[in-house]
Amino acid sequence: MDRIFFPANYKKALLSGRKNMTIRFGGELGKYKKGRTYAAFSYAGKDWKIRVRIESVSETSFSQLEELKIMKSSILRIANEQGRRDEDFSLEIIRFKII
C-alpha cells in the first residue's frame with residue numbers, strides 16, 4: 001500500500017477525526033489521487049496503522065491560501081519550508097477520510 005506522511009504531532013488529530021485535510025507542495029504534487037487509500041506514516045517512518053482515503057485533491061497556489069481560510073501559522077510554515085515568502089507557487093489541498 002502506498003504511504004502518506006504526516007508530522008508526528010498529527011497522529012492524535014488523525015485518530016480523533018479533527019485532521020481531515022493536508023496541504024502538499026514541491027515533490028508531493030500529483031502524488032496523491034482521489035479515491036485511493038494510503039497508509040498513514042510519520043515523517044520518521046513509523047506506521048501508525050491508520051488508513052486514509054483521499055476524498056478530493058484541489059490545485060491552488062500559495063497566494064490563495066488566505067482566501068481559503070487556511071490558518072496563518074500553516075501558511076507561514078509552508079513559506080518557511082519552501083523558502084519562498086514573496087513568490088507564488090503551486091499547492092494541492094487534499095481532503096481525506098480515515099477508514
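As the structure is a prediction and not an experimental result, all values here were calculated from the model.
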Please say whether more than 12 non-hydrogen atoms of neighbouring residues, nucleotides or ligands are located less than 6.0 Å from [atom1] in [X].
{"X": "E66", "atom1": "CD", "result": "no"}
{"X": "R95", "atom1": "CZ", "result": "no"}
{"X": "E59", "atom1": "CD", "result": "no"}

Let me confirm one number: the [atom1]-[atom2] distance from [X] to [Y], rounded to the nearest 0.5 Å.
{"X": "L68", "Y": "I93", "atom1": "CG", "atom2": "CD1", "answer": "4.5 Å"}
{"X": "E67", "Y": "T60", "atom1": "CD", "atom2": "OG1", "answer": "8.0 Å"}
{"X": "I50", "Y": "I98", "atom1": "CD1", "atom2": "CD1", "answer": "6.0 Å"}
{"X": "K19", "Y": "M21", "atom1": "NZ", "atom2": "CE", "answer": "6.0 Å"}
{"X": "I94", "Y": "I4", "atom1": "CD1", "atom2": "CD1", "answer": "5.5 Å"}
{"X": "K97", "Y": "N20", "atom1": "NZ", "atom2": "CG", "answer": "10.5 Å"}

Open item on the list: Please check this pair: side chain of Q64 against backbone of S61, looking for a donor-acceptor N/O pair closer than 3.5 Å.
Closed with: yes
Open item on the list: Looking at G30, is its backbone amide N or carbonyl O close enough to the side chain of E92 to form a donor-acceptor pair, meaning the two atoms are under 3.5 Å apart?
Closed with: yes
Task: Verdict with supporting geometry, I70 and I78, side-chain contact (heavy atoms from CB on, under 4.5 Å) - done: CA-CA 11 Å; I70 302 300; I78 291 166; 5.6 Å; no
Open item on the list: Please give me the minimum heavy-atom distance between Y32 and R3, naming the atom from each residue.
Closed with: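 Looking at all heavy atoms of both residues, the shortest contact is CE2-O, 3.5 Å.
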Task: Partner residues of R51 under the side-chain contact (heavy atoms from CB on, under 4.5 Å) criterion, sequence neighbours left out - done: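 R51: side-chain contact (heavy atoms from CB on, under 4.5 Å) contacts with M1, T37, A39, D47, I99.
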Show me the donor-acceptor pairs, under 3.5 Å and distance only, between side chains in residues 5-14 and residues at least two apart or in other chains.
none

Task: Same apolar cluster: L15 and F96, side chain cutoff 4.5 Å - done: yes
TODO: Using the rule that two of Ile, Leu, Val, Met, Phe, Trp, Tyr join whenever any of their side-chain heavy atoms come within less than 4.5 Å, decide whether L29 and F62 are in one cluster.
DONE: no
